[in-house]
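For reference, the structure is listed below as structure tokens.
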Amino acid sequence: MVQDIILILDFGGQYCHLISRRIRENNVRSEIVPHDISLKDLQELSLKFNIKGIILSGGPASIYEKNSPRFNKTILKLDIPILGICYGHQLIAHYAGGIVIPAKTKEYGSSVARIRKHEDIFSGLKDNEQVWMSHGDTVLKIPKDYTIIADTTDCPIAAYKSRSKHIYGLQWHPEVTHTKNGSKILKNFIFGICNARPDWKVDALVKTYIKNIKTTVGNKKAIIALSGGIDSTTATSLAAVALHKNLIAVFVDHGFMRDGEPEKIDAIAKNLGIKYMHINAKGRFLEKIKKIINPETKRKIIGREFIKVFEEIAKKVDADYLIQGTIYPDRIESGQSKKSEIIKTHHNVGGMPSKIKFRGLVEPLKELYKDEVRELAVKLGLREDIIYRQPFPGPGLAVRIIGTVTPKKLAILKRADSIVTSEIEDNLKERPWQYFAVLTDTKSTGVRGDGRSYGYVIAIRIVESDEAMAAAFSKVPYTILERISTKITNEIPEVVRVVYDITNKPPSTIEWE
Ligand code: XMP
């Protein structure tokens, strides 16, 4: 049976993936497509899927900016339900004959929406709903055939609907958890209005994915970079079942892994019973970045060196196929969604094949989100510590040592990081999203015994997050912070001071570099 699907037109909003994930959480397939998708491409997609609804995402642009992203107006005439969110809401209003202007008061943060009618998209909502706003422009006048269905104090046209078609607009973001009943609104849209069938079930895909790898690679050889993270480990497990001894997993140890991690990766490979190469490239990476202070340069050098090392190995083993643990957001971020603001160069094995000519590239997880990969990993029986491993940047501890990286600094940070990890894991029932130590480039005065000392300042970063796009510093009990601080200063003589990072993202990022 042809699968039902909700399409998301990507206007470059950081929330685009969130919309997609919220839909998939309801077991309905969603796909992100470029905002300017042509009717021909839409038609082609409709041969593969039942397009049950279209969502226009938010985005950082203003519709009055030159070259701001647009969509094909004819889409509004199709017989498919449409929901515009934020920028999408403004653009629909503009195209349908309404007026959009810069708002007198830019709204950023929580607001209260007064719901005028508790039906269709707002079915089951209360009179006043907490919603999350983030916009500079606003709809001043709605199109002729449209009616206002919600307002806030600063935004008189916070939501509208067409009187004759299934077209809706929301100035707020239903996809973020700060909009309390956002999930209900999206559910109302996908089920109540689009009548989509919930037939997207990840764990049922294991067999298909294994079969696809088998069909593509046949009896040739394939190589994969194994980093111990959930994506590469799950991809390796799928490929191991499909290819057995024709799979070669390579772990390139750049020397910036946490304590005990290289050994864990060795154990994973051993468990899977595949051919495995552990490449010790520690000296090589350290040499390349030893004088580098700029974080972006550091990230780029490590990323490039990684590719080089991997290429050398790939040449040696003469593999025909490259397997990568690329997941859906990696693909969209590097490909279609060019309008999203790029904040850091992410080192992902995903950016790999460059000089080596492989017969083909296999990306078994390319249509999944991280939580869906986790579901798959559970189905594959992977160990819990792998499935729930906290995210770890590709360049590793090198971007948690501010300024230049030396073997001594690495050793200090590894010890501090182990203390943070064990204290959090042993003492908190609910694990935060990420918890780690950062070696700041600051030295400070302390006192030990009878004498003064001068040593490093370690920063502790513990954050709560849903998908790393936004994060809040964790309000962990002081007793735990105190124990971490005491242990670090007692056990690591080079550290005299421990500070706790109390910034959220935004304005900070999760990692310090
Ligand atoms: P930031 O620091 O940008 O990080 O708030 C967001 C999330 O991404 C992780 N991170 C990376 N992950 N390669 C990765 O695969 C990288 O180069 C990288 N840099 C940061 C970070 O730990 C956080 O979860």
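The analysis underlying the following values was restricted to heavy atoms, covering all of them including side chains, and did not include hydrogens, waters or symmetry mates. Both counts, for ligands and for their atoms, begin at 1 and track the order of listing.
- By the 6.0 Å contact criterion, NZ on Lys291 is open, its count of non-hydrogen atoms from other residues, nucleotides or ligands being 12 or less.
- Summarising the local packing, NZ of Lys187 is surrounded by 12 or fewer heavy atoms from other residues, nucleotides or ligands at distances under 6.0 Å.
- Heavy atoms of Arg299 come nearer than 4.0 angstrom to ligand 1 in at least one pair.
- Where the criterion is an N or O separation shorter than 3.5 Å, residue side chain and backbone included, Ile510 meets it with respect to ligand 1.
- Atoms of ligand 1 lying under 4.0 Å from at least one heavy atom of Pro391, given by number and element, are 24 (O).
- Salt bridge status for Arg24 with Glu372: present, with a side-chain N to carboxylate O gap under 4.0 Å.
- At a 3.5 angstrom cut-off on N or O pairs, Pro393 does not count as close to ligand 1.
- At a 3.5 angstrom cut-off on N or O pairs, Arg400 does not count as close to ligand 1.
- Each of Asn490, Ile488, Thr486 was scored for a side chain to side chain contact (heavy atoms under 4.5 Å, CB included) with Ile419, with one residue passing: Ile488.
- Within the listing of ligand 1, atoms 1 (P), 3 (O), 5 (O), 6 (C) sit less than 4.0 angstrom from a heavy atom of Lys505.
- Ionic pairing of Arg389 and Glu261 is present here: one or more N-O contacts between side-chain nitrogen and carboxylate oxygen are shorter than 4.0 angstrom.
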